[in-house]
Amino acid sequence: MSADDSPKSTDVNRAQTTGADTVDPDEDGENHRVFWADEMADRIEERDPDEPIVIKGGVSPSGIPHLGHFNEILRGFFVAEVLRERGHEVRQVFTSDDKDALRKVPRQLADSDWNIVGLGEVNAGALGRNLGKPYTDIPDPFDDHDSYGAHFTDLLHQSAEMLDVPVDMLSNTDLYADGTFDDVVKYVLEHRDEARKILSQYQDKIDDDYVPFQAQCSSCGVLTTNITGVDVESETVDYVCEGLEAGGQQIDGCGHEGTATFREGKLPWRFEWPGQWQALGVDFEPFGKDHAEGSWPSGKDIAENFLHIQPPVPMTYEWFTLNGEALSSSSGNVVTVHEVLELLEPEVLRYFFVRNPMKAKDFDISRLDQLVDEFDRFEGIYFDDVDDESLAALADRAYPFTVDEVRENRVRLPYTFAAVLGMTDDEDLREQMARNEGHITDDTPEWAIEEAMKRVEKARNWAERLDNEYNYRLQVAMPETDFDDDVETALAELADFVEEGHSGEEIQGEIYETAKRNDVETGDFFQAGYRLFFDATQGPRLGTFLGELDATFVVKRLRREE
RNA sequence: GGGCCGGUAGCUCAGUUAGGCAGAGCGUCUGACUCUUAAUCAGACGGUCGCGUGUUCAAAUCGCGCCCGGCCCGCCA
């Protein structure tokens, strides 16, 4: 590459070469792995890394942590687990990039119990006055943590724990304060001419006055990019507080002229990221596709040719969509891990991230039954209960990483069946119904029954959240009714039949027979039944459902007695 | 404009590295179960593998050219 290449063409060339090593298969083609995490682990091992192997991810704690952020955590988790299985010591860290400035006040926040609240319910004005300041210097709107940053970092950490992913949360602010970044900050500022030169290959706006540092104003606390002088000896910079530009919008500084130490500010992202790699010894880092053509090429270049360190093994992942739309905090199209775990088990959510990271997936809440069933099938393939040639290899390899413990004899109620069981609150009845359908047998161990029944609550939450065709409630109190004489007669006959003692299947048949005998449309008769038991016009398969219930209750209800 | 990733059944996705019969689940339809009522079985339907072209005995898979979507090439992460 000639020296007089324009920045643009250099950029393009770099994109070509660096993009390739995130996507190209192994050259020899012999190391194809069915599970992508194995392939990443191979590449990490090829570097002969020091132990513990460090796997990193990171986000800024700008607001409610949503499911999209868990790409970072779970992609890293699977690679970490694979490496651990291979006998390595692994440390998974997650940086909360909490020294970044708050640029925009989010529309929604979440308190420490995951209640989503609108801006109006907190002191929005107080937040707005803190634009441009590091997240860790902004008061917690909920007053239960040291700062805004600490609040949302904690939520992020909670989410990881809900999925049993052991991560060390590292506060960037702390890393600056405790000196972890000292060496790299000093190095970057000492070699700022070189730094400017290398970054200018990627960013057009880097001019001769550019200093790769953002100082925090001692007067107003806002970060400013306007550095007027650098004293490497005393490890300070001079600045004029002009604030910073963010999202096309200028956040004003106070005009204060001051001096800040190297710890009283931060590196700009393009240097901070490679700085983290160096300071933390990072061996692997997954990142979203937005980084793939943006900060990764420059970060890799900066690491290799400026800091002279080996950049981590990279992995680009595609973003997934939520209910068919892009995840977006501003439009409110987000879902938290906390919410998801009210609807399904952690292992199912982990499974969602087992699949090919390069393909955009849709997380569709209205079809969670499908995702759960898919997981059940995946599990079945692992245990050879289900035949599926195309998925067998992946299931064999990856399934064990989705569960906390591989156990045979687990029982998985089909999700929609669990939703049907959720129509009653009676836990004994739920279990009885599961037995009647053969999902639970006398050989089923107690622990498996207990675990299986947990899904009922989740499926129930799902039905209620979506208000879908499973959202029916067995009515404990007598609903109001208004039936024709014919229907009343038919109900009375059906009551007699139930009183005689019959199975659910027999009752189901008798419903048709009774309706015919009394010249009632079967549809109308079913509606009467649904009205009586669910206070609705539709419901689950009626006869079999009634067959599960206490006969005395059913008879009384059919006779419309209390 | 340049680049990266993706595009396979109505839906969700495997399969693309190393060319070898177009696949699964769900849904739909039909049938069975004394039965139109969502939890049971069985079967069927369902495809221009985004489009075109080249290479090959053989292309979803490899090359080239297009189309569509997302992202990057400002800031920030």
Side-chain angles (χ1 to χ4, degrees), chain A residues 7-9 11-16 18-20 22-33 39 58-60 62 97 100-101 103-104 202-205 225 244-249 268-270 272-273 287-297 316-319 321 326 355-356 358-364 367 369-371 373-374 376-378 381 386-391 394 413-421 433-434 436-439 468-470 472 504-506 508-513 515 521-523 525-527 529-530 537-545 548:
Chain A
K8 193 72 186 176
S9 66
D11 197 356
V12 166
N13 287 335
R14 285 181 193 283
Q16 280 170 344
T18 54
T22 65
V23 294
D24 266 10
D26 296 311
E27 292 297 320
D28 53 18
E30 284 172 10
N31 292 333
H32 174 54
R33 303 287 201 163
E39 207 157 312
V59 296
S60 66
S62 55
D97 297 334
D100 297 345
R103 266 167 276 109
K104 205 169 68 178
Y202 301 92
Q203 298 188 343
D204 293 337
K205 284 189 180 167
T225 50
L244 71 170
E245 201 184 312
Q249 173 185 352
W269 166 248
R270 293 284 175 128
E272 188 175 76
W273 201 27
F287 46 80
K289 64 175 180 177
D290 52 339
H291 285 310
E293 293 302 311
S295 39
W296 167 249
T316 308
Y317 55 82
E318 260 284 350
W319 295 341
T321 50
R355 303 186 294 184
N356 188 348
M358 284 314 297
K359 293 216 181 183
K361 311 282 191 240
D362 186 40
F363 191 85
D364 188 342
R367 280 193 294 260
D369 56 317
Q370 199 167 318
L371 177 64
D373 287 349
E374 205 177 298
D376 291 351
R377 213 178 114 78
F378 193 67
I381 294 168
V386 177
D387 249 347
D388 188 324
E389 228 175 279
S390 67
L391 272 179
L394 179 63
L413 302 176
Y415 194 75
T416 52
F417 177 63
V420 170
L421 298 193
M433 291 168 83
N436 293 345
E437 292 304 317
H439 295 295
N468 62 10
E469 66 268 38
Y470 297 97
Y472 296 107
E505 280 303 316
E506 287 166 339
Q508 178 75 7
E510 183 63 15
I511 293 174
Y512 290 92
E513 296 300 320
E521 289 289 327
T522 45
F525 196 45
F526 272 104
Q527 278 204 20
Y530 291 125
T537 55
Q538 295 185 336
R541 195 160 191 258
L542 190 59
T544 33
F545 194 95
E548 315 280 3

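A quick note: this is a predicted structure, and the numbers were derived from the prediction, not measured. Here is how names work: the chains are called A, B, and so on, in the same order as the sequence lines, proteins then strands, and each is numbered from 1.
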Touch class at under 4.0 angstrom, heavy-atom based, for A/G58 against every strand present: nothing
Base B/C26 paired with A/R377 side chain (donor-acceptor, <3.5 Å): no
Rounded distance in Å - CZ (A/F378) to C1' (B/G25): 14 Å
Donor-acceptor pair, side chain of A/Y530 and main chain of A/P540, under 3.5 angstrom: yes
Nearest-Å distance once atom P is located in both B/C41 and B/C26: 10 Å
Counter-base of B/G6, judged by Watson-Crick or G-U geometry with both distances under 3.5 Å: B/C68
Nucleotide opposite B/C21 in a Watson-Crick or G-U pair, distances under 3.5 Å: none
Interatomic distance where CG belongs to A/N356 and P belongs to B/U16 [whole Å]: 10 Å
Proximal nucleotide (of B/C35, B/C13, B/A77) relative to the A/E505 side chain: B/C35
Interatomic distance, A/I381 CD1 vs B/G25 P [rounded to whole Å]: 10 Å
Pairwise C1' distance, B/A22 and B/C49 [rounded to whole Å]: 8 Å
Euclidean distance, atom CZ of residue A/R355 to atom P of B/U8 [Å, nearest integer]: 15 Å
Pairwise distance CZ(A/R270) to CD(A/Q203) - rounded to 0.5 angstrom: 4.5 Å
Value rounded to 0.5 Å, distance of CG in A/L542 from CD1 in A/I511: 4.0 Å
Separation of A/I381 CD1 from A/D376 CG (nearest 0.5 Å): 11.0 Å
Assigned partner base of B/U16, Watson-Crick or wobble definition, under 3.5 Å: none
Rounded P spacing from B/G50 to B/U8 in Å: 6 Å
Whole angstrom value for the distance that separates C1' of B/C11 from NZ of A/K361: 15 Å
Whole-Å distance separating the CE atom of A/M358 from the P atom of B/U8: 16 Å
Residue whose closest nucleotide on RNA chain B lies nearer the 5' end, A/E437 versus A/D373: A/D373
Inter-nucleotide C1' distance (B/A60, B/A18), Å rounded: 15 Å
Interatomic distance at C1', B/G47 relative to B/G23, whole Å: 11 Å
Sugar-phosphate only, base, or nothing, as touched by A/G539 at under 4.0 Å among non-hydrogen atoms: base
Under 3.5 Å donor-acceptor pair, A/E374 side-chain atoms to B/C13 base atoms: no
Phosphate contact (B/A38 OP1 or OP2) by A/R541 side-chain N/O below 4.0 Å: yes
Pair partner, B/G63 [Watson-Crick or wobble, under 3.5 Å]: B/U53
Sugar-phosphate only, base, or nothing, as touched by A/D362 at under 4.0 Å among non-hydrogen atoms: sugar-phosphate
B/C71 and B/G65, which share atom name P, separated by this distance in whole Å: 25 Å
N/O (side chain, A/Q508) to phosphate O (OP1/OP2, B/U34) under 4.0 Å: no
Length of the CZ-C1' vector between A/R367 and B/G27, whole Å: 10 Å
Sugar-phosphate, base or nothing in reach of A/S295, heavy atoms under 4.0 Å: base
Interatomic distance, A/W269 atom CH2 to A/D100 atom CG [nearest 0.5 angstrom]: 8.0 Å
A/D376 CG to B/U12 C1', straight-line distance once rounded to whole Å: 15 Å
Distance-only donor-acceptor test, A/K359 side-chain atoms vs B/U16 base atoms, 3.5 Å: yes
Minimum-distance nucleotide to A/K289 side chain [options: B/U36, B/C71, B/C76]: B/C71
Counter-base of B/G43, judged by Watson-Crick or G-U geometry with both distances under 3.5 Å: B/C29
Gap in Å between the two P atoms, one belonging to B/G31 and one to B/G70, rounded: 44 Å
A/E469, CD atom: more than 12 neighbouring heavy atoms under 6.0 Å: yes
Spatial distance of atom CD (A/Q527) from atom OG1 (A/T537) [nearest 0.5 Å]: 5.5 Å
Sugar-phosphate only, base, or nothing, as touched by A/W319 at under 4.0 Å among non-hydrogen atoms: sugar-phosphate
Which nucleotide in B/A77, B/U34, B/A14 has an atom nearest any side-chain atom of A/L391: B/A14
Earlier contact from the 5' end, RNA chain B, for A/D100 and A/H439: A/H439
Nearest-angstrom distance, P atom, B/A58 to B/U53: 15 Å
A/R367 side, atom CZ; A/D373 side, atom CG - distance, nearest 0.5 Å: 13.0 Å
Sugar-phosphate only, base, or nothing, as touched by A/D97 at under 4.0 Å among non-hydrogen atoms: sugar-phosphate
Touch class at under 4.0 angstrom, heavy-atom based, for A/P414 against every strand present: nothing
